[in-house]
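One structure is given here, and the rest of the page talks about it.
Only heavy atoms go into these numbers, but all of them, side chains included; no hydrogens, no water, no symmetry mates. Here the structure is a predicted model, which is why all the values come from computation and not from measurement. Quick note: residue numbers are just sequence positions, from 1.
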Amino acid sequence: MDAQEDVIRQQDQVMTMIQSGIDVLVVVPVDTSAVSGIESLAKNANLPLIYVNRNPYPNENAPENIYFIGANSILEGETQMEYIGEKMGGKGNIVILMGILSNEASINRTQGVHNVIKAKYPDIKVLAEETGNWQQDQGMTVMENWITAYGDQINAVVSNNDNMVLGAINALESAGMKDVYTIGIDATTDALQAILADRMTATVLQDPVAQGKGAVEAAVKLMNGETLPAITKLPAELITKENAQAQLDKSN
């Protein structure tokens, strides 16, 4: 079932699933700060609950019978900034495109970027950060506004996902700004093709297939009475022009 980013709809869907007689509940939470209703339903039905992709418990203190399978959002942001900081020679200005502000991934990917700036690149300045709500058209609009405000002061765009940075690239190209570094997260097909075409600098793989596969494998283990760690985080992999074709071949 698809909740279409609607918290109430997702809670109703969970109720329907539980009433149908499931053994394990697997959820990509719409809002990681509003999962208490889902968790109450699962607890009352004595069902294991597996969160995928978006982690309500980044501090790893998940309640009993609740699990997470997904990416390490902070590490993803750190991986982005390590690479972009090196490309920039440790100095200059960046802007940060954030996802939906209630999402754990948006909060922690951005935190990861700031972590690296603070620890390694004190001469890199964040000119602005703003949400593009994961959407390409909104990423383009935000970037157009930043171009108006900051112009050629912008040396790099660090985005919480590929969709938004692809929109930003459209705005940069329209403005004739070809020397701005651009990096996203997800390693989508469009992003990989943009990297191979020298339109985009890099991305960080967030492997949705591995996350979905991991969730199903975890569900089977729980149904078989096996014990699992509460939090399972997958590694972050930097994708540049050197390995973009291999990743594209793999994803296809």
Residues in side-chain hydrogen bond (donor to acceptor under 3.5 Å, both in side chains) with [X], at least two apart?
| X | answer |
| --- | --- |
| K213 | E217 |
| E76 | R109 |
| T110 | N160 |
| Q245 | D249 |

Counting only heavy atoms not in [X], do more than 12 fall under 6.0 Å of its [atom1]?
| X | atom1 | answer |
| --- | --- | --- |
| E226 | CD | yes |
| N224 | CG | yes |
| D137 | CG | yes |
| D2 | CG | yes |
| E86 | CD | no |

Considering all heavy atoms of both residues, which atom of [X] and which atom of [Y] are nearest to each other, and what is their separation?
| X | Y | result |
| --- | --- | --- |
| G37 | Q11 | CA-OE1, 3.6 Å |
| D162 | A187 | OD2-N, 2.7 Å |
| A156 | I84 | CB-CG2, 3.7 Å |
| V26 | A215 | CG1-CB, 4.1 Å |
| Y121 | E82 | OH-O, 3.4 Å |
| L205 | D186 | CD1-O, 4.0 Å |

For the [atom1] atom of [X] and the [atom2] atom of [Y], what is their distance to the nearest 0.5 Å?
| X | Y | atom1 | atom2 | answer |
| --- | --- | --- | --- | --- |
| N103 | N133 | CG | CG | 9.0 Å |
| M81 | I124 | CE | CD1 | 3.5 Å |
| D190 | L248 | CG | CG | 10.0 Å |
| M140 | N163 | CE | CG | 14.0 Å |
| Q111 | S73 | CD | OG | 11.5 Å |
| Q206 | T188 | CD | OG1 | 11.5 Å |

Can [Y] be reached from [X] by stepping across I, L, V, M, F, W or Y side chains whose heavy atoms are under 4.5 Å apart?
| X | Y | result |
| --- | --- | --- |
| V158 | Y181 | yes |
| I185 | L196 | no |
| Y67 | L234 | no |
| L222 | V28 | yes |

Going by the rule salt bridge (Lys or Arg N to Asp or Glu O under 4.0 Å), which residues pair with E173 if we only count those two or more places apart in sequence or in a different chain?
R199
Quick one: salt bridge (Lys or Arg N to Asp or Glu O under 4.0 Å) partners of K221, sequence neighbours excluded?
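Applying salt bridge (Lys or Arg N to Asp or Glu O under 4.0 Å) to K221 gives none.
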Where do K43 and N65 land on the side-chain contact (heavy atoms from CB on, under 4.5 Å) test, with the steps shown first?
CA-CA 8 Å; K43 183 177 181 180; N65 220 21; over 6 Å; no
Among all residues two or more places apart in sequence or in another chain, which pass the side-chain contact (heavy atoms from CB on, under 4.5 Å) test with [X]?
| X | result |
| --- | --- |
| I107 | none |
| D6 | I8, R9 |
| A119 | none |
| T240 | Y83, A202, L238, E242, N243 |

Which of I183, L75, V116 passes side-chain contact (heavy atoms from CB on, under 4.5 Å) with Q80? Answer is I183
Could you walk me through whether N170 and Q136 satisfy the side-chain contact (heavy atoms from CB on, under 4.5 Å) test, starting with their C-alpha distance in whole Å, then the side-chain angles of each, then the deciding distance to 0.1 Å, before giving a yes or no?
CA-CA 9 Å; N170 290 337; Q136 184 167 330; 3.6 Å; yes
Transitive ILVMFWY cluster of I18, excluding itself - 4.5 Å side-chain cut-off
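Reading the cluster by chain and number, I18 sits alongside M1, V14, M15, M17, I22, L25, V27, V35, I38, L41, L47, L49, Y51, Y57, I66, F68, I231.
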Tracing side-chain contacts under 4.5 Å among Ile, Leu, Val, Met, Phe, Trp and Tyr outward from I195 reaches V95, L97, I100, L127, W134, V142, M143, W146, I147, Y150, I154, V157, M164, V165, L166, I169, L172, M177, V180, M200
Polar side-chain atom of S106 near backbone of G99 as donor-acceptor pair, under 3.5 Å:
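Yes: the side chain of S106 pairs with the backbone of G99.
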When you measure from the side chain of E104 to the backbone N and O of T32, does any donor-acceptor pair fall under 3.5 Å?
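Pair absent, no side-chain N/O of E104 close to backbone of T32.
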Between Q153 and N93, is any side-chain donor less than 3.5 angstrom from a side-chain acceptor?
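The criterion, which ignores hydrogens and geometry beyond distance, is not satisfied for N93 and Q153.
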Could you tell me if Q211 and N53 have a donor-acceptor pair between their side chains, going purely by distance under 3.5 Å?
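A pair is found: one side chain offers a donor N or O, the other an acceptor, under 3.5 Å apart.
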Quick one: do H114 and V126 satisfy side-chain contact (heavy atoms from CB on, under 4.5 Å)? Show the steps, please.
CA-CA 9 Å; H114 283 286; V126 179; 3.9 Å; yes
